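Below is one structure, written out as structure tokens; the observations come after it.
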Amino acid sequence: GEHRPAGSFIVRTAFPDDECRSCIQVIKNVSRETFYLCRRWPAALKEEANLLDIKFIRENPEAVKENIRKKFQDEKLPLVDRVLVLDEENRAAITEASELRAQRNTLSKQVGMLMGQAKKDPSKLEEAEAVKAKVKANAQRLTELEEKEARLEEEIHRLLLVIPNIIDPSVPIGPDDSANVELERFGEPVIPEFEIPYHTEIMERFDGIDMDAAGRVAGNGFYYLMGDIARLHEGVLAYARDFMIGKGFTYCIPPFMIHGNVVEGVMSQTDMDAMMYKIEGEDLYLIGTSEHSMIGKFIDQILREDQLPQTLTSYSPCFRKEKGAHGIEERGVYRIHQFEKQEMIVVCRPEESMDWYEKMWRFSVELFRSLDIPVRQLECCSGDLADLKVKSCDIEAWSPRQKKYFEVCSCTNMGDAQARRLKIRVKGGDGKNYLPHTLNNTVVAPPRMLIAFLENNLQADGSVKVPAALRPYMGGVEVLLPKR
């Protein structure tokens with residue numbers, strides 16, 4: 001309103017932030033929402049939008065450093081001490097500012113009292129002016145402190161975004177994906193007596209792919225799928241959708257573009273730079289997976305405990321730059337800029353997240369085995385985990401052509417990292433709010449998944465067997481016959 005102090009913001013929130021000592025006055029209550037007057041709103045919004053709680057780092061700096069060492073990111077070790085120094089400086093500034101605000105109220109009353117007394121005793125006027133001067137000096141110092149707090153909060157936030165989440169004790173320690181650990185195999189890998197062609201060659205025999213035309217239209221990393229291969233692509237997605245609905249998940253079609261604050265909330269800066277396409281001139285990014293928009297669905301929300309778990313399965317196209325060591329595969333559809341995917345996500349109570357992790361990767365195994373594809377579970381080591389991840393495993397499908405497994409699903413427990421960044425809360429039975437855990441896993445991601453499907457179901461005569469589970473989505477066809 002008109003009496004709002006300069007430099008402050010009106011903040012609408014569903015609950016007061018008990019960590020924020022800058023919320024100095026409740027303005028108005030409307031229904032269940034509360035309006036606060038907050039001098040540090042931009043910084044206050046970021047206070048918890050990090051991987052780790054600053055309080056946890058403050059109380060466990062050595063544990064945070066040891067976790068960094070386990071992830072082979074020693075270059076980040078100095079960041080912990082730097083954050084602690086900035087945090088101490090920031091808390092000192094907050095304390096001094098709070099004291100000045102309290103003094104302001106006292107001195108303002110004193111000025112009023114002295115001005116009233118000056119009407120009868122003019123000598124009090126000089127004393128009142130001295131107090132006014134002190135009020136002015138305090139106001140200048142308060143402005144300096146508030147600017148300092150904003151700078152420190154921004155720097156702390158920037159550093160906290162790159163300090164990795166605490167990994168689960170069960171995660172194997174290793175520097176990179178070469179140290180990932182095979183846990184279990186499902187189905188017997190078969191190497192047929194006949195030669196398995198490269199996957200695009202199989203598709204071409206069905207007149208099912210045209211990468212040359214896609215290259216003319218969009219460049220490398222794109223494709224046209226046609227005929228039986230396109231139908232197979234859509235049949236697999238439809239089967240995966242119904243498979244997850246049968247597991248009790250709610251089917252969703254999410255936004256395919258999201259705001260920058262959602263991107264920052266669901267992934268690390270490194271992943272963001274390597275993956276995301278930004279819409280020029282707008283605060284919008286094309287999603288790299290529907291996990292991004294599905295977890296983002298709950299941004300700034302307080303869920304009731306009886307609404308958990310949230311179990312959702314979503315379809316979307318996915319868009320990725322694919323920068324980095326792997327890059328774009330020019331010959332085939334293994335690593336491309338555009339593909340489609342059926343995803344599963346869970347938002348649950350912290351104590352339930354590991355149970356859900358086990359269920360989710362097993363769903364992937366069950367689905368691939370129903371399509372006669374042998375798979376294995378590969379546990380990701382510490383150095384192969386992205387910074388937000390607590391624990392992760394890949395489900396890899398058998399490639400009879402390459403005589404090895406390759407990734408087709410990735411199941412991850414994010415702990416409370418995404419919830420912290422996106423300010424997702426759950427109101428517990430005791431009335432207090434807590435952070436839920438979030439998990440995600442691929443259901444299927446064709447066309448890469450089609451590589452495993454075609455290789456494992458290819459027959460000696462060049463036809464492709466359609467497993468029983470998929471036949472209802474292929475018009476009852478049992479075998480796909482090549483055109484040439």
Side-chain angles (χ1 to χ4, degrees), residues 182-192 196 199 202-203 206 208 225 228-252 290 311-316 333-334 339-346 356-378 393-402 404-411 439-459 463-480:
E182 180 181 310
L183 297 182
E184 191 173 359
R185 293 187 178 190
F186 304 87
E188 188 65 30
V190 175
I191 301 175
I196 304 286
H199 64 268
I202 299 174
M203 293 179 181
F206 289 85
L225 296 184
D228 285 342
I229 300 300
R231 187 179 189 186
L232 183 64
H233 178 281
E234 293 306 297
V236 165
L237 285 168
Y239 171 57
R241 174 200 65 207
D242 291 350
F243 178 89
M244 291 310 301
I245 291 172
K247 298 298 182 184
F249 281 59
T250 300
Y251 180 56
C252 302
S290 60
T311 54
L312 306 172
T313 182
S314 50
Y315 159 82
S316 78
V333 295
Y334 183 78
F339 59 96
E340 294 175 59
K341 183 163 71 155
Q342 189 72 29
E343 182 80 359
M344 61 177 104
I345 69 108
V346 169
W356 274 110
Y357 175 80
E358 289 293 317
K359 290 178 185 177
M360 290 168 75
W361 71 257
R362 289 185 183 279
F363 289 157
S364 295
V365 170
E366 183 181 343
L367 184 140
F368 274 80
R369 292 301 298 129
S370 72
L371 299 176
D372 298 333
I373 301 172
V375 293
R376 70 172 180 175
Q377 183 196 14
L378 193 71
C393 70
D394 293 337
I395 300 303
E396 296 191 330
W398 172 249
S399 168
R401 187 187 71 84
Q402 300 180 79
K404 66 177 186 179
Y405 291 88
F406 67 94
E407 179 196 337
V408 287
C409 300
S410 180
C411 181
L439 302 95
N440 64 82
N441 185 23
T442 313
V443 186
V444 287
R448 180 191 291 191
M449 177 271 179
L450 294 185
I451 301 173
F453 181 90
L454 292 171
E455 288 189 10
N456 283 279
N457 287 284
L458 185 67
Q459 307 299 298
S463 64
V464 172
K465 175 171 63 75
V466 178
L470 197 59
R471 288 171 193 165
Y473 303 89
M474 295 294 293
V477 173
E478 297 184 5
V479 178
L480 298 179

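Quick caveat, the model's predicted, so the values are computed rather than measured.
Panel note: side chain R376, backbone E184; no donor-acceptor pair is recorded below 3.5 Å. W361 contributes no side-chain N or O that, together with a main-chain N or O of I395, makes up a donor-acceptor pair within less than 3.5 Å. Side chain of T313 to backbone of E343: a donor-acceptor contact under 3.5 angstrom is found.
Residues forming a side chain to side chain donor-acceptor pair (under 3.5 Å) with S370 (at least two apart in sequence, or on another chain): Y239. For Y357, the side chain to side chain donor-acceptor pair (under 3.5 Å) criterion is met by no residue, not counting sequence neighbours. In terms of the side chain to side chain donor-acceptor pair (under 3.5 Å) criterion, residue partners of D372 (sequence neighbours excluded) are, by chain and number, K465. Not counting sequence neighbours, F243 has no partner by the ring pair (Phe, Tyr, Trp, His ring centres under 6.0 Å) test. Annotation: ring pair (Phe, Tyr, Trp, His ring centres under 6.0 Å) contacts of Y251 (sequence neighbours excluded): none. Remark: N441 engages S364 in a side chain to side chain donor-acceptor pair (under 3.5 Å) (not counting sequence neighbours).
Looking at every heavy atom in both residues, V375 comes nearest to A397 through CG1-CA, 4.0 Å. The two atoms that bring L225 and M203 nearest to each other are CD2-SD, 4.4 Å, heavy atoms only. Contact record, V236 with M449: CG1-SD, 3.6 Å, taken as the closest heavy-atom pair.
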